[in-house]
Trainee: 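Would you mind keeping the following structure in view while I ask a few things?
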Amino acid sequence: MIIWNQQHHLFHLQTNETSFVLQLLNTKHVAVVYWGKKLNTSSLSYIVNDIKRASYLSDTDLIKDFKLEQIPQIFPSFGNTDMRTPAFEFDYEDGSRITDLRYKKHSIKKGKKKIKGLPTVLASELEVETLELSLVDQVKNNEVILSFSVFENYNTITESVRVVNHDQNKLYINRLMSANIDFLDDHFDFLHLSGAWGRECHVVRRKMEQGVQSVDSKRGASGHGQNPFVALLDPAADETHGDVYALSLVYSGNFLAGVEEDMHQNARFQIGINPFDFRWTLNQGETFYAPEAVLVYSDQGIGKMSRTYHRLFIDCLMQSKFNQRERPILINNWEATYFDFNRDVLLGIAREAKEVGIELFVLDDGWFGSRDDDTSSLGDWTPNESKLGGSLKSLADAVNEIGLGFGIWFEPEMVSPNSKLYREHPDWAIHVRDRKAQQARHQYVLDLSNPEVQAYIIQSVSNVLRGAPITYVKWDMNRNLTDIGSDYLASDRQKEVAHRYILGLYSILDRITEAFPDVLFESCAGGGGRFDPGMLYYMPQNWTSDDTDAVERLSIQYGTSLAYPSVAMTCHVSVVPNHQVGRLTPIKTRATVAMQGNLGYELNLMNCDADDKVTIRKQISFYKSIRQVIQFGDLYRLEDRIHDSNAHAWMHLSKDKKTIVVGYVQILSKPNTVPKRLRLVGLNEDDLFELSETKEVHSGAELMYIGLDLPKVKEDFCAKQFVLTKKGELSNNKKD
Ligand code: DGJ
C-alpha cells in the first residue's frame, strides 16, 4: 500500500511488515526519513527538523542551517552542499556538470510495468503498487523518474530509475545508481558475497568505518569476484535476530554496491551500474533505463532477509514456466568425460542413469564443430555428427528411448579464433581496433551490442533447439570482457559497450526464452560467475560453482543461499578424488550437500561399483520424496545454532509446515568433544513431528529448544539427514 499524506508531505510505502517513508521537503528535495519495521503514523517531520549537526558548509537555497549534507536523501546530486558521493553524475555539452533535481510531480498506480529492455520483478495489479516521483532540473529541464513498487505480501520494495533528456543538447550520464538510501546512523556491519572461480559467494562481514567501502565488477559480467547483493546490518544481528537492510541488483553486468560513512556518522548505501568505464550519451527526447534494485528489510536477521528474497525471486522474478515446477534430476557428462566421448559412452552413461532413477541427460561441451578441446569451434553451432555417431536428433531420440529427457550445453556469447564464424566475421568479436585482441580460454567475446550478432546467435541456437527434442539448455559464459571495444559503435560511444553487451544479451534471451517456453534454461558462467537476479529472470536455475567438492560447496552454497533460493542452485555429486581439490569424501556426504539445492550427478556411472550404484539409486529415490520441500520450502540456515565452524547445518520447512528436512555435515572428526544437539527454528511449538528414522515424536518446542541428537562418529566429512513429518498437535492431541 502506498499512502500520500498531503498534510505532512509524506509518501508512506507499506508492506505487510515494513515501512519505507519519504518526505517531500519545502525545498522540493526528497528525504528518506524511515526504513524498517511497519509504522502506523501520519507525521515524521520531526526527523529532519531534529537534525542539528555542526557543519562549515554553506546553507542550501540561502535557508539558514539547511545543509543538504545533513539531509538523508533519496537521490542526491553533485554540486551543492552535500559532499558525499552522489547517486548520479551528468554533464552537458556546454561543459556544466550540475543537475539540481527537485520534485515536480508524482503518481501512484496499481501494478508495475516491465522496464524497457531489462529484467524486472513483476506481479499482478492486485499484488503490487507503484509510486513514480518525477524530479526535474530547473535549468536544463531534464527529468529523473524514481519508480518504487511495493510488493505488499513479499515485504519488498523495488526501485528503478530512468532519465529523460528534455533539453536540445546532449546529456552525458557518467554515473547512475539504481538505489540510494541515506541513513542517519553508522552503527552497521557491511555484508557481501565475495570469492573467485571455484570458490564463489563466500560471506564477508566487516565493520563499517568512515570512508567508502564497496564491492564491484568491471568484468562485463556480475562475476565470480563479487555478487550484486549487499547488506547493512546491526552488528549484533545474526541468522534470527536484528535489523538487516539489503540491496540486490537485477543486473548481470558491471555493478557497484557500497556504503559511505561520512564525517557526521551517517551512512549512504548505494547499488547500481558501475560508473567505471561507463558514459552514456542521451540525445534530446531519449530515455535511459537503469536496472532495478530490490530493497529488503528484515527485523529478524539474515535468515528472514534470505527467505524474503527467495520467495520474491521464485514467484515474481523468474519468468520461466518452470519457476514453480520441480526440477529434474540430471546427469551431466562434463566431469565424466570432458571432451573425450562418443555415442557409445554417452548412451552407456544414459542407460546407467536411467537405472538409478535419473530423469535428464545433459550433453556438455564438445558436441559441435570440431571441438575436442577448448581451442576451437565456439560460434559454429553445428553438431559434430562423426563424434556423435549420427545426427544430434538421433542421439537425443536414443536418450529419450532409454527414458531420459535430453539437454544440451551452449556458450553462445563466444567465438573461437579457430572457427568458421570468426574467419567470416572477425569484426564481430569485442576488440580494440589496431590492437591485438586478448584471448582467454582461447576465445573472444562476441559483440552483443551489434544486432547482426544478436540475430546470428538467436538463429544458430534456435536451429539446434528445433532440430532435436531438447528440453534443457545449459547456457555457459567462460570469459570476461577485457580489451573492450566495438566495431559496431561509434568512437564516442565506446564507454557504452559493457552495458550494451548486457542489453544485447537480455534481448537475445527475451527472444529465445519466448520462442522455447518448454525448455528449462540453466545459466552458468564457469560456475557462479553470473549468478544474479538478471539471469534468474530468464533462467530459473544456475550452476552454482565448478567446484564440486562437498566441503568447498558447504561455504559456496551457504553464501549463495543468502540471496538466492535453493531451487535456483544446481548442485552435483561428482567422483572422488574430487577434480578440483583432490579431496576424498563419502558419497553420502556429497549427496547430502548436493541435496541442499537442485540435485544432479556429474560422474561416469559406468565406472561406479555396484555398491555405489545401489547407494545412488537410494539417494535419488530419497531426493524425489523431499524434492518439493527442498525446492519450494523455506530455508533456515542453522550454523548459528551449533556455534561450530567445523560444521554446517540447514533445514527446509515445507510451506504448510508439515515436513522438515535437515542436512548436517561435520567436516573433521575431533577427539574428546561434547556431544552436540542441533536446535531447529521456524516451527510451531505445539506441532508434533515424527522422525522418519526412529519414529520418535517430538514437539516443535523440543526441536527448537532442545534439538536433534547429532551423530558421534570417528569419521571426517560425516553427514546426516533428518526428515520429520507432522503427526498432530500437542494442545489437543489432534492427529492430522
Ligand atoms: C564451464 C562450466 O562451468 C562447466 O560446467 C563446463 O560446462 C565447462 N564450462 C565446459 O566448457
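Counting starts at 1 for both ligands and their atoms, following the listed order. As the structure is a prediction and not an experimental result, all values here were calculated from the model.
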Trainee: For atom 7 (O) of ligand 1, grab the closest protein heavy atom and report residue, atom and distance to one decimal in Å.
Mentor: D364 OD1, 2.7 Å
Trainee: Please classify the N478 to ligand 1 contact at 4.0 Å (heavy-atom distances, strictly less than): side chain, backbone, both or neither.
Mentor: side chain
Trainee: Should the proximity of E411 to ligand 1, defined as any heavy atom under 4.0 Å, be assigned to the side chain, the backbone, both, or neither?
Mentor: neither
Trainee: Keeping the roles fixed (side chain from K613, backbone from E355), state whether a donor-acceptor pair exists under 3.5 Å.
Mentor: no
Trainee: Do E335 and T548 meet the criterion of a side-chain donor-acceptor pair at a distance under 3.5 Å?
Mentor: yes
Trainee: Measuring from atom 11 (O) of ligand 1, which candidate in L378, D547, T544, D365 has the nearest non-hydrogen atom?
Mentor: D365
Trainee: Measure from the ring center of Y506 to the ring center of Y538 and say whether it is less than 6.0 Å.
Mentor: yes
Trainee: Mark up the atoms of ligand 1 that fall under 4.0 Å of a heavy atom belonging to W543, in ascending order.
Mentor: 3 (O), 5 (O)
Trainee: Do D546 and ligand 1 have an N or O pair less than 3.5 Å apart?
Mentor: yes
Trainee: If the cut-off is 4.0 Å to any non-hydrogen atom of G526, which atoms of ligand 1 fall inside it?
Mentor: 1 (C), 3 (O)
Trainee: Under 4.0 Å between a side-chain nitrogen and a carboxylate oxygen: does that hold for D372 and K387?
Mentor: yes
Trainee: Can an N or O of D476 be found at a distance shorter than 3.5 Å from an N or O of ligand 1?
Mentor: yes
Trainee: Return the set of residues passing ring pair (Phe, Tyr, Trp, His ring centres under 6.0 Å) with W428 (not counting sequence neighbours), or none when no residue passes.
Mentor: H425, Y456
Trainee: Considering non-hydrogen atoms of the protein only, which is the closest contact for atom 5 (O) of ligand 1, and what is the distance?
Mentor: K474 NZ, 2.7 Å
Trainee: Just checking, is any N or O donor in the side chain of S386 or N384 under 3.5 Å from an acceptor N or O on the other one?
Mentor: yes
Trainee: I'd like to know if D447 and R500 make a salt bridge, using a cut-off of under 4.0 Å between side-chain N and carboxylate O.
Mentor: no
Trainee: Any nitrogen or oxygen of G527, main chain or side chain, under 3.5 Å from a nitrogen or oxygen of ligand 1?
Mentor: yes
Trainee: Give the intermediate values and the outcome of side-chain contact (heavy atoms from CB on, under 4.5 Å) for residues R343 and S394.
Mentor: CA-CA 10 Å; R343 191 183 188 92; S394 72; 3.2 Å; yes
Trainee: Heavy-atom distances under 4.0 Å decide this one: backbone, side chain, both or neither, for R441 against ligand 1?
Mentor: side chain
Trainee: Against heavy atoms of C524, which atoms of ligand 1 measure under 4.0 Å?
Mentor: 2 (C), 3 (O)
